[in-house]
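Worksheet for the structure shown next.
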Protein chains: 2
Amino acid sequence: MDDDSKGGEQPRRRVRADAQRSIDTLLAAAAEVFAASGVDAPVREITAKAGVGAGTLYRHFPQRSDLIAAVFRHEVDACAEAAPALSAQYEPVEALTRWLHRFAQFVAAKRGLKAALHSGDPAYSSLPTYFRKRFVPVLSELLDAATTSGDIRSDVVPYDLLRAMGDIVAPDDHGYTQRMITLLVDGLRYGTRRTQPA
Amino acid sequence: MDDDSKGGEQPRRRVRADAQRSIDTLLAAAAEVFAASGVDAPVREITAKAGVGAGTLYRHFPQRSDLIAAVFRHEVDACAEAAPALSAQYEPVEALTRWLHRFAQFVAAKRGLKAALHSGDPAYSSLPTYFRKRFVPVLSELLDAATTSGDIRSDVVPYDLLRAMGDIVAPDDHGYTQRMITLLVDGLRYGTRRTQPA
DNA sequence: CAACAATACGGAGCATTGTTCCGGTTGGCA
DNA sequence: TGCCAACCGGAACAATGCTCCGTATTGTTG
């Protein structure tokens, strides 16, 4: 849209080193606090944990929603980027399973953000799309690999699996989540030529 | 569970007339404010509209969530109780259609509460159950009547229809909502012996 | 009908939290 | 090295949830 923004994602002026430090620290602190106390946690709690002043926070994230959205994107990215490494290191189904566990961890951490995302606030309207755009390809890749190798069936819609995960994850009961993931993956295996449980 | 609660729903002591007035006024005011500004609307806005003091509100609804839950239940009840009258007055499909419109109105009003309901706050955990327990029988009755008279098909799960409604309703676009309800009902009609659109 | 005890009422006041503002400091560049 | 824009911390302000208590209303009893 802007005719001078052809180049890239970097803002016009380079961010100063100390500013970047503050941003990183804040993002990390906010992620922790949000996960622990939800998005309504006091701002002071975040600034305290980050060891910065309130002014610093508001300089970089003028609206509270800016911080929330940034944390969300940051965690989505981190989770999505974990996939390739798993694919490279493990065989398809194992990689898929491990990534699902990683994703469960993401969902659990995102619990505090959940309320905000569904609030209808236009500031967050782009996040579900981001979530989908980012995760569907990743999961598709993992599923495809496992399908190609003949380990799982091929009629599963990636987004359905993501939603199912969202419903399954119980932040307070790690064991339950683990068991359900196992169950899901076993379900995926059903009907392949290698149907062979213990 | 409690051995002394066999009797009924009335609290042990009768509420005074002025107290009941305050409660009703507050409920009405809160419903309006929540619908307009969401559940995070300032408490003062509600007390102002109701013409009562803050103390009065907190006397009857010690926690903010108590007020929210009360409003929710109140509106659920109102909507559910509208069904019998419609059934008595109109033929099955017409009654069903009219009630769906009524339900759409409820969902639109509940928009402000939506965020709270999905927040995971234990104070609201019982509300979805209440929603379901109250609405599923009502809708089942309406559907059964229309099925018996042969106007609609019989393979529709009431709760699915409720969910679909929740997704369809666009508080800002009344026309759209209306059209979608029509479409849904037409869909229900499909495959009956009276398949006969205009 | 009158007086009284229980209950409810209003709204000022306190505590908490979001947000702004500004004097001092730091980082990057000439 | 020296300069200036950018950044930092945190005090101060504003908005809001919630409590407290003196006053008013209700329902009952004699």
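Just so it is clear, the values below take in all heavy atoms, side chains as well, and ignore hydrogens, waters and symmetry mates. So you know, we letter chains A, B, ... as the sequences are listed, proteins then strands, and number each from 1.
Interface remark: the Arg64(A) side chain does not form any donor-acceptor pair with the dG18(C) base, using a distance-only criterion of under 3.5 Å.
Side-chain contact between Thr182(B) and Arg179(B) is absent, with no heavy atoms from C-beta onward closer than 4.5 Å.
Closest heavy-atom contact between Ala50(A) and Thr25(A): O-CG2, 3.4 Å.
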Which pairs of donor and acceptor atoms, one on a side chain in residues 68-78 of chain A, lie under 3.5 Å apart (sequence neighbours left out)?
{"unit_1": "Arg73(A)", "atom_1": "NH2", "unit_2": "Ser126(A)", "atom_2": "OG", "d": "3.1"}
{"unit_1": "Asp77(A)", "atom_1": "OD1", "unit_2": "Tyr130(A)", "atom_2": "OH", "d": "2.6"}
{"unit_1": "Asp77(A)", "atom_1": "OD1", "unit_2": "Arg134(A)", "atom_2": "NH1", "d": "2.3"}
{"unit_1": "Asp77(A)", "atom_1": "OD2", "unit_2": "Tyr130(A)", "atom_2": "OH", "d": "3.3"}

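Atom CG of Asp40(B) is separated from atom CZ of Arg64(B) by 6.5 Å, given to the nearest 0.5 angstrom.
Within the structure, every side-chain polar atom (N or O) of Thr56(B) is placed at least 4.0 Å from both OP1 and OP2 of dA8(C). In this model, the phosphate group of dG9(D) is not approached by any side-chain N or O of Thr47(A) to a distance below 4.0 Å at OP1 or OP2. An OP1 or OP2 oxygen of dC9(C) is reached within less than 4.0 angstrom by a side-chain nitrogen or oxygen of His60(B). Listed pair Arg21(B) / dT26(D) meets the phosphate criterion, a side-chain N or O lying under 4.0 Å from OP1 or OP2. At least one side-chain nitrogen or oxygen of Tyr58(B) sits closer than 4.0 Å to the OP1 or OP2 atom of dC18(D).
Residue Leu67(B) contributes atom CG, which lies 11 Å from atom P of dG17(D) at whole-angstrom precision. Between the CG atom of Leu57(A) and the P atom of dT20(C) there is a distance of 11 Å, rounded to whole Å. dT19(C) atom C1' lies 14 Å from atom CD1 of Ile46(A), rounded to whole Å. Counting to the nearest Å, the P atom of dA8(C) and the CZ atom of Phe61(B) are 13 Å from each other. Across the protein-nucleic acid pair, Gln20(B) atom CD and dT25(D) atom P stand 19 Å apart, rounded to whole Å. Remark: P of dG10(C) and CG of Asp18(B) are 9 Å apart, rounded to the nearest angstrom. Atom-to-atom, CD of Gln63(A) to P of dT17(C) comes out at 21 Å; the value is rounded to the nearest Å. Between Arg44(A) atom CZ and dT20(C) atom P there is a gap of 13 Å when expressed in whole angstrom units.
Ring orientation note: the planes of Phe135(A) and Phe131(A) are nearly perpendicular, at an angle over 60° on the 30°/60° scale.
Dense packing is recorded around CD of Glu94(A), with more than 12 heavy atoms of other residues, nucleotides or ligands lying under 6.0 Å away.
Here Ala41(B) lies in heavy-atom contact (under 4.0 Å) with sugar-phosphate atoms only.
Nearest to the side chain of Ala54(B), among dG27(C), dG11(C), dT19(C), sits dG11(C).
Salt-bridge annotation for Asp186(B) and Arg189(B): present, with a side-chain N of the basic residue lying under 4.0 Å from a carboxylate O of the acidic one.
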Output one line per pair: protein atom, nucleotide atom from nucleotides 22-24 of chain D, and distance, for all N/O pairs under 3.5 Å.
none

